[in-house]
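Lettering of chains follows the sequences in order, A, B, ..., and the numbering in each one begins at 1. These numbers come from the heavy atoms of this one structure, side chains and all, not from hydrogens, waters or symmetry mates.
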Protein chains: 2
Amino acid sequence: MAAKRSGARSKRSQRVSERLQPVQEPRSEPPLSRERIVATAVELLDDRGVDGLTMRGLADRLGSGVMSLYWHVDNKEDVFDLALDSVLEYRGPPQIVESQDWREEVVHLLEDWRASMLRHPWSASLLPRRALGPNILSRLELLSMTLSRAGVADADLNVAIWSLWNYVMGATITRASFDVSDDDRAAAQQRLTRLSERYSTIERSRLLLDNDWDGAFRKGLAFLLDGLAPR
Amino acid sequence: MAAKRSGARSKRSQRVSERLQPVQEPRSEPPLSRERIVATAVELLDDRGVDGLTMRGLADRLGSGVMSLYWHVDNKEDVFDLALDSVLEYRGPPQIVESQDWREEVVHLLEDWRASMLRHPWSASLLPRRALGPNILSRLELLSMTLSRAGVADADLNVAIWSLWNYVMGATITRASFDVSDDDRAAAQQRLTRLSERYSTIERSRLLLDNDWDGAFRKGLAFLLDGLAPR
DNA sequence: GAGATGACTCGTGCGATGTACGAGTCATCG
DNA sequence: CGATGACTCGTACATCGCACGAGTCATCTC
């Protein structure tokens, strides 16, 4: 019987190149592959959100049977893990100016991180409960190196990294979830107004209506960096 | 036919007090109520996590039929919303010393927030996608007032609040998810070691093994507060 | 060639889930 | 006494993840 790939992911042999030209029914879909599955899962997640991803729906969109997916993928959780990491690849800072000051590099890395997740809002709610894939680790490594080269003491390095991570995660997750429910936010602010004696301060500052997310993110990040490495 | 409560939650009439003593079968459970449902949902979430909460399981634990729940509650999402907010009530700072300096008040509020969520780890992964209940809003109001009284300019208030929110949410969510998967974390660090040429910096600082979550939270928060309101 | 191997696909079927529907119970009121 | 309305609950259904095992086909071994 088929030996079904074990926990350690063994890629299928790349005999694809040696395949004869697919004379049979050239209109049929290309063969399944982990990459194609992941890419399609990302599409589907973008279209329909976390709850919209079902193995049946994924198979439909791939033109395959449901159970074929399980050859390439362990289970549905695996699909989430792979989709998440695939969306978080980092291409590095713009190379126009090579060695800028470290603050700009950190800001770029983190703003890009946030942007990548907001491009796929499901990723924000997914990241917290999932494993750290290679792309995520690469980003952490790069961040770590930059901070270290910037002179952050080794003893403070972990605190600094986690602080930035926390800030970015919180900001992104919050933004992504509020973005989905713009109406809810207005409704919430209205509820506030109705109860204005209990929530007068946040009602007055229109906390829930403030729409300058990008600006707030940048400003808050600047504050945090000021605290981490006073200029 | 029963008029099933509409969107606006109409509480059941509190005719409970006028009930005759429940002579019939004193061993049966007390009657269903929204409060009892929510409390039991919290128990069940604590025991079995987010995926462990099912309407059937909830009904079982309450000794009721499944569909009876739907009289008191709109749907499963509603249960999550209510459980989440019920867990985030804030009792205020220790009143031993009434008017401390504002930093201490803020730190206490936020550390308590984090602690409340970590006591119920499911709440961390739930908060991002759910509505803001009254308890959550109260906390925001109090935070806002404290910062305002501390002299934070109105123009910076929203940024300050969201920065702190982001930090706390990120820290708590991260902590809660890593806590669940302590082994995974060790495994991840081992993977790092195996690939140490690619991830040398975070491997060296043992980023994924650092266990002083509380200390890191406090230190990072101090950094952020330094940035927000330099002393 | 013949047969074995193993990569890959897929149909069927099971158990679990959220909840719509409508029928049931019972205290209260006019 | 009959009506009302608050509340309970059994049945039923569509949908889900996935276990199982049978099927296809290219390649390898002798």
Side-chain angles (χ1 to χ4, degrees), chain A residues 1-6 9-25 28-37 40-41 44 48-81, chain B residues 1-6 9-25 28-37 40-41 44 48-81:
Chain A
M1 67 203 66
K4 183 62 200 282
R5 323 216 322 283
S6 63
R9 21 214 61 143
S10 61
K11 310 241 66 144
R12 284 134 294 113
S13 61
Q14 46 278 69
R15 60 159 171 91
V16 176
S17 46
E18 310 138 14
R19 263 226 175 130
L20 301 183
Q21 62 276 34
V23 184
Q24 73 268 15
E25 316 171 47
S28 81
E29 318 268 350
L32 275 182
S33 70
R34 181 192 290 248
E35 293 72 26
R36 217 160 73 80
I37 291 176
T40 309
L44 223 148
R48 304 240 242 275
V50 178
D51 294 337
L53 178 68
T54 69
M55 296 305 273
R56 284 177 231 259
L58 187 52
D60 277 0
R61 203 176 267 226
L62 284 161
S64 78
V66 192
M67 293 317 293
S68 309
L69 304 180
Y70 285 91
W71 179 260
H72 305 271
V73 144
D74 287 348
N75 48 42
K76 195 184 179 183
E77 294 229 322
D78 202 16
V79 176
F80 280 131
D81 284 346
Chain B
M1 67 204 61
K4 182 62 198 282
R5 320 216 321 282
S6 65
R9 23 214 57 143
S10 61
K11 310 241 66 145
R12 286 130 293 114
S13 61
Q14 46 278 68
R15 73 227 104 80
V16 177
S17 47
E18 310 138 13
R19 263 226 177 132
L20 302 184
Q21 61 277 33
V23 184
Q24 74 268 13
E25 317 171 45
S28 81
E29 318 269 349
L32 275 182
S33 70
R34 182 192 291 248
E35 293 72 27
R36 217 159 74 80
I37 291 177
T40 310
L44 222 148
R48 305 239 243 274
V50 178
D51 293 338
L53 177 68
T54 69
M55 297 304 272
R56 282 177 232 263
L58 186 52
D60 277 0
R61 204 176 265 225
L62 284 160
S64 78
V66 193
M67 293 318 292
S68 310
L69 304 179
Y70 285 90
W71 179 261
H72 304 271
V73 144
D74 287 347
N75 48 42
K76 195 182 178 183
E77 295 228 321
D78 203 16
V79 176
F80 280 130
D81 284 346

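- Within the nucleic acid shown, B/Leu58 has no heavy atom closer than 4.0 Å to any nucleic acid atom.
- Closest approach of B/Phe80 and B/Leu53 over heavy atoms only: CE2-CD2, 3.6 Å.
- Atom CD1 of A/Ile37 sits about 7.0 Å away from atom OG of A/Ser64, to the nearest 0.5 Å.
- One distance of note links CE of B/Met55 with CG of B/Leu62; it measures 10.0 Å at 0.5 Å rounding.
- An OP1 or OP2 oxygen of D/dA6 is reached within less than 4.0 angstrom by no side-chain nitrogen or oxygen of B/His72.
- A distance-only check finds no donor-acceptor pair linking the side chain of A/Arg56 to the backbone of A/Val66 [under 3.5 Å].
- Taking atom CG on B/Asn75 and atom C1' on C/dT19, their separation rounds to 9 Å, with Å as the unit.
- Atoms CG (B/Asp78) and P (C/dG18) sit 14 Å apart, rounded to a whole Å.
- When the P atom of C/dA23 is taken as reference, atom CH2 of B/Trp71 falls 16 Å away, rounded to whole Å.
- Following rounding to the nearest Å, B/Ile37 (CD1) and D/dC7 (P) show an atom-to-atom distance of 11 Å.
- The CZ atom of B/Arg34 sits 15 Å away from the C1' atom of D/dA6 (whole-angstrom rounding).
- A donor-acceptor distance shorter than 3.5 angstrom exists from the side chain of A/Arg36 to the backbone of A/Pro31, with no hydrogens or angles considered.
- Across every non-hydrogen atom of B/Arg48 and B/Arg61, the tightest pair is NH1-NH2, 4.0 Å.
- Rounding to the nearest 0.5 Å places CG of A/Leu69 at 9.5 Å from OG1 of A/Thr40.
- Here the shortest heavy-atom pairing between A/Leu44 and A/Gly52 reads CD2-O, 3.3 Å.
- In summary, of the residues considered (B/Asp81, B/Leu58, B/Asp78, B/Leu32), a side chain to side chain contact (heavy atoms under 4.5 Å, CB included) with B/Val73 occurs for B/Asp78 alone.
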Are there any protein N/O atoms within less than 3.5 Å of an N/O atom in nucleotides 10-14 of chain C, and if so, which ones and at what distance?
from   : atom 1 : to      : atom 2 : distance (Å)
C/dC10 : OP2    : A/Gly65 : N      : 2.9
C/dC10 : OP2    : A/Ser68 : OG     : 3.3

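- C/dT17 atom P lies 13 Å from atom CZ of B/Phe80, rounded to whole Å.
- Counting to the nearest Å, the P atom of D/dT15 and the NZ atom of B/Lys76 are 18 Å from each other.
- A stem is defined here as three or more consecutive Watson-Crick or G-U pairs, each with both distances under 3.5 Å; for DNA chain D these stems are C:1-30 with D:1-30.
- Atoms CG (A/Asp74) and P (D/dA19) sit 10 Å apart, rounded to a whole Å.
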